[in-house]
Visitor: 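Quick one: the structure is below, and I'll ask about it shortly.
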Amino acid sequence: NAGVTQTPKFQVLKTGQSMTLQCAQDMNHEYMSWYRQDPGMGLRLIHYSVGAGITDQGEVPNGYNVSRSTTEDFPLRLLSAAPSQTSVYFCASSYSGAAGPTDTQYFGPGTRLTVL
Amino acid sequence: AQKITQTQPGMFVQEKEAVTLDCTYDTSDPSYGLFWYKQPSSGEMIFLIYQGSYDQQNATEGRYSLNFQKARKSANLVISASQLGDSAMYFCAMREVSQGGSEKLVFGKGTKLTVNP
């Protein structure tokens, strides 16, 4: 049981390049989400998904796309990277999107992205 | 408006002493959940403790306890017998549930705890 995995761990892009951050979980969790963490800002929700085929926007969705074709995978796409997207990106998953009282989100190890 | 407020950017505590990290929240939903996460310098997010809005008792997990005061909308984390390994960033978070049933986790800006030997 690997939990939540993210690849790559580090990435450097040039402005305008595109890339996909990968996220996978093997816990059969329905709910998956992407956050970005910037200094002094805590974690902010980018996009989330309550199950395969269903995605929705979070607090800071601009510049990012997501899709959820399987329960296990939830990739985050940057179509045209900008320096403002330099951040640490975390993927998280939890059992249910209907918010059971004891549900807990489990986080991946993070991807550190730098856009030059 | 900020939904999770952590007023202490940094805290210092002596090893073996207890420390309280503050968290206040704002919600009009009767059903919500409150979480604390620890982020050491290595960067991973580690779940510590959970408190549900309908829970009658304060949550405890080992040396961590949550001082939940619902009327004051506060959910302070208490760490007893601090250890050097407790030095980290600590984030308070609240689960919000939309009318459609989907959930979002809203984070505070964090408190950096330093445990001194």
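Chain A is the first sequence line, chain B the second, and so forth, proteins listed ahead of strands; every chain is numbered from 1.
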Visitor: Do A:Met32 and B:Phe47 belong to the same hydrophobic cluster, where Ile, Leu, Val, Met, Phe, Trp and Tyr are linked whenever their side-chain heavy atoms lie under 4.5 Å apart, directly or via other members?
Guide: no
Visitor: For the NZ atom on B:Lys70, are there more than 12 heavy atoms of other groups (residues, nucleotides or ligands in this structure) within a distance under 6.0 Å?
Guide: yes
Visitor: Any side chain to side chain donor-acceptor pair (under 3.5 Å) involving residues 11-21 of chain A? Give me the pairs, sequence neighbours left out, ordered by first then second residue.
Guide: none
Visitor: Rounded to the nearest 0.5 Å, how far does NZ of B:Lys109 lie from CZ of A:Arg44?
Guide: 9.0 Å
Visitor: Quick one, A:Gln105 and B:Met45 - any side-chain contact, counting heavy atoms below 4.5 Å?
Guide: no
Visitor: Given the rule that I, L, V, M, F, W and Y join up when any side-chain heavy atoms are under 4.5 Å apart, are A:Leu43 and A:Ile46 in one cluster?
Guide: no
Visitor: With a 4.5 angstrom heavy-atom cut-off, is it the side chain or the backbone of A:Glu59 that approaches chain B, or both, or neither?
Guide: neither
Visitor: Are A:Tyr64 and A:Phe90 co-members of a hydrophobic cluster defined by side-chain heavy atoms under 4.5 Å apart?
Guide: no
Visitor: Is it the case that the ring center of B:Phe107 lies less than 6.0 angstrom away from the ring center of A:Tyr35?
Guide: yes
Visitor: At a 4.5 Å cut-off on heavy atoms, which part of B:Tyr37 comes close to chain A: side chain, backbone, both, or neither?
Guide: side chain
Visitor: Return the OH to CD1 distance between A:Tyr106 and B:Ile46, rounded to the nearest 0.5 Å.
Guide: 13.0 Å
Visitor: Could you walk me through whether B:Phe91 and A:Gln37 satisfy the side chain to side chain contact (heavy atoms under 4.5 Å, CB included) test, starting with their C-alpha distance in whole Å, then the side-chain angles of each, then the deciding distance to 0.1 Å, before giving a yes or no?
Guide: CA-CA 12 Å; B:Phe91 292 96; A:Gln37 183 178 27; 3.3 Å; yes
Visitor: With sequence neighbours left out, what residues match B:Lys73 under salt bridge (charged side-chain N to carboxylate O under 4.0 Å, His left out)?
Guide: B:Asp26
